[in-house]
There are 2 protein chains.
Amino acid sequence: MAKAQDATGSEDLMFQPLCAVFRRFLKREGLKFTPERAISLDAVLAKENVFEAGTLYDEIRTAGHHVSRATLYRTLKHLQDAKIIAEVLIDSKQAHYELCFGKKPVGHLVCVDSSQVTEFTSPQIEELRDRICEEHGYEPVSVRLVVYGVSPQARDDNV
Amino acid sequence: MAKAQDATGSEDLMFQPLCAVFRRFLKREGLKFTPERAISLDAVLAKENVFEAGTLYDEIRTAGHHVSRATLYRTLKHLQDAKIIAEVLIDSKQAHYELCFGKKPVGHLVCVDSSQVTEFTSPQIEELRDRICEEHGYEPVSVRLVVYGVSPQARDDNV
DNA sequence: CTTGCTGCAAAAGTTTTGCACACGT
DNA sequence: ACGTGTGCAAAACTTTTGCAGCAAG
């Protein structure tokens, strides 16, 4: 269990393939791999679903680490550039993100009652992206699909 | 041309079917049709594309009318409830809206370079919404589809 | 040692809210 | 009259930025 406790801020992070991806990205861009960036990436990797910057900040603090809000926001931007996370458009008030590395584009099903977000996949998402872009002469970059509905569970609660 | 210049704030507004829709909605909800709401609706009806609250505010002021920001935001909320406008998820910083009354759900094609927004329709949008909801036992409410790409025009500019 | 990075505090921008007064219905 | 609506100014929030000192490559 005695792993080198180094500047990464986490004993397990170094074994995450995504950590290497991020380090390569940073090097390629002439940027630096700092303890704060390691802590931030670690917190992101712990998320299984959509998350917000504020939540991530709180979780980092709760875990006993310290990364300032400013640094966290700056790191989230780099993680987007590195294509490790992507923005998810849930609402217009606040940014939501999720891990996207190596994944095909996914859609999100949001319960209008409980705000619970469920991810789903469908080949039609990419088809639609490419077809629409082709029809308009655009070069495809990305897609966001969000479906809103009432979950069975929320409907039961409101009887 | 001598139309009654009344509390609606616009001579033409009363002839807009959507004005009647809004008035009926307000009455049904026990709310009031005020000059400020008339001016706001009028400004919304003049928009042909996606718009933001801030732009709308400026346009109302430029047109020589006065509606406070607070009232405009409150009215936009009612217009959403009345299903006259709908939020469009372009980015997570600021709300974007568009007229939606009597329209099927549409998608939006956004140029990542110029931020220009083009609307498109596709029967697949509704199909997808209903299929996904059915698969998860959800009751469908709405959908948002945003495709990002580089417009031919933006590509030319960046050569 | 050179560049970039961090934290802090302040700024910026959008949206919301409390309150006193005004106004549709 | 009653219950809403309005404006204003302040508050609430998320995100960004300037700057002085600090650290990774």
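Because the structure is predicted, anything quoted here is derived from the model rather than measured. Labels below follow one simple rule: chain letters A, B, ... track the order of the sequence lines, proteins then strands, and each chain is numbered from 1.
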Can A/Tyr57 and A/Arg61 be said to form a side chain to side chain donor-acceptor pair (under 3.5 Å), step by step?
CA-CA 6 Å; A/Tyr57 179 76; A/Arg61 300 303 293 255; 2.5 Å; yes

Going through the distances and angles, do B/Glu98 and B/His108 end up as a side chain to side chain donor-acceptor pair (under 3.5 Å)?
CA-CA 11 Å; B/Glu98 77 174 357; B/His108 293 90; 3.1 Å; yes

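The side chain of B/His78 places no N or O atom within less than 4.0 Å of a non-bridging phosphate oxygen (OP1 or OP2) of D/dT4. For C/dT15, neither phosphate oxygen OP1 nor OP2 lies less than 4.0 angstrom from any side-chain nitrogen or oxygen of B/Lys77. Phosphate proximity of D/dG7 to B/Thr71: present, with a side-chain N or O under 4.0 Å from OP1 or OP2. For A/Tyr73, no side-chain nitrogen or oxygen approaches OP1 or OP2 of D/dT16 to under 4.0 Å. For the OP1/OP2 pair of D/dA24 and a distance below 4.0 Å, the side-chain nitrogens and oxygens of A/Lys27 include no atom meeting the criterion. Residue A/His66 places at least one side-chain N or O under 4.0 Å from the OP1 or OP2 atom of C/dC8. Remark: A/Thr34 is not in phosphate contact with D/dA24, judged by side-chain N or O atoms under 4.0 Å from OP1 or OP2.
The base of C/dG24 lies outside donor-acceptor range of the side chain of B/Arg37, with no N or O pair under 3.5 Å. The base of C/dG4 is not paired with the side chain of A/Arg74 by any donor and acceptor separated by under 3.5 Å.
As a whole-Å value, the separation of B/Lys32 NZ from D/dT4 P is 7 Å. The distance from atom CZ of B/Arg61 to atom C1' of D/dG7 is 11 Å, rounded to the nearest whole Å. Rounded to an integer number of Å, the gap from B/Phe25 CZ to C/dT25 C1' is 17 Å.
A/Arg144 has no carboxylate O lying under 4.0 Å from a charged side-chain N of A/Glu87, or vice versa, which leaves the two without a salt bridge. By the 4.0 Å N-to-carboxylate-O rule, B/Glu126 lies close enough to B/Lys104 to be salt-bridged with it.
Closest to the side chain of B/Arg69, out of C/dG4, D/dT6, C/dT15, is C/dT15. If you check D/dT14, C/dG7, D/dG7 against the side chain of A/Gln94, the one that comes closest is D/dT14.
Heavy-atom distances to DNA chain D give each of B/Ser68 and A/Ala70 a nearest nucleotide, and the one nearer the 5′ end belongs to B/Ser68. For the pair B/Leu72 and B/Lys93, both in contact range of DNA chain D, the more 5′-proximal nearest nucleotide belongs to B/Leu72.
A/Gly54 comes within 4.0 angstrom of nothing in the nucleic acid, heavy atoms only.
A side-chain donor-acceptor contact under 3.5 Å links B/Arg131 and A/Ser122.
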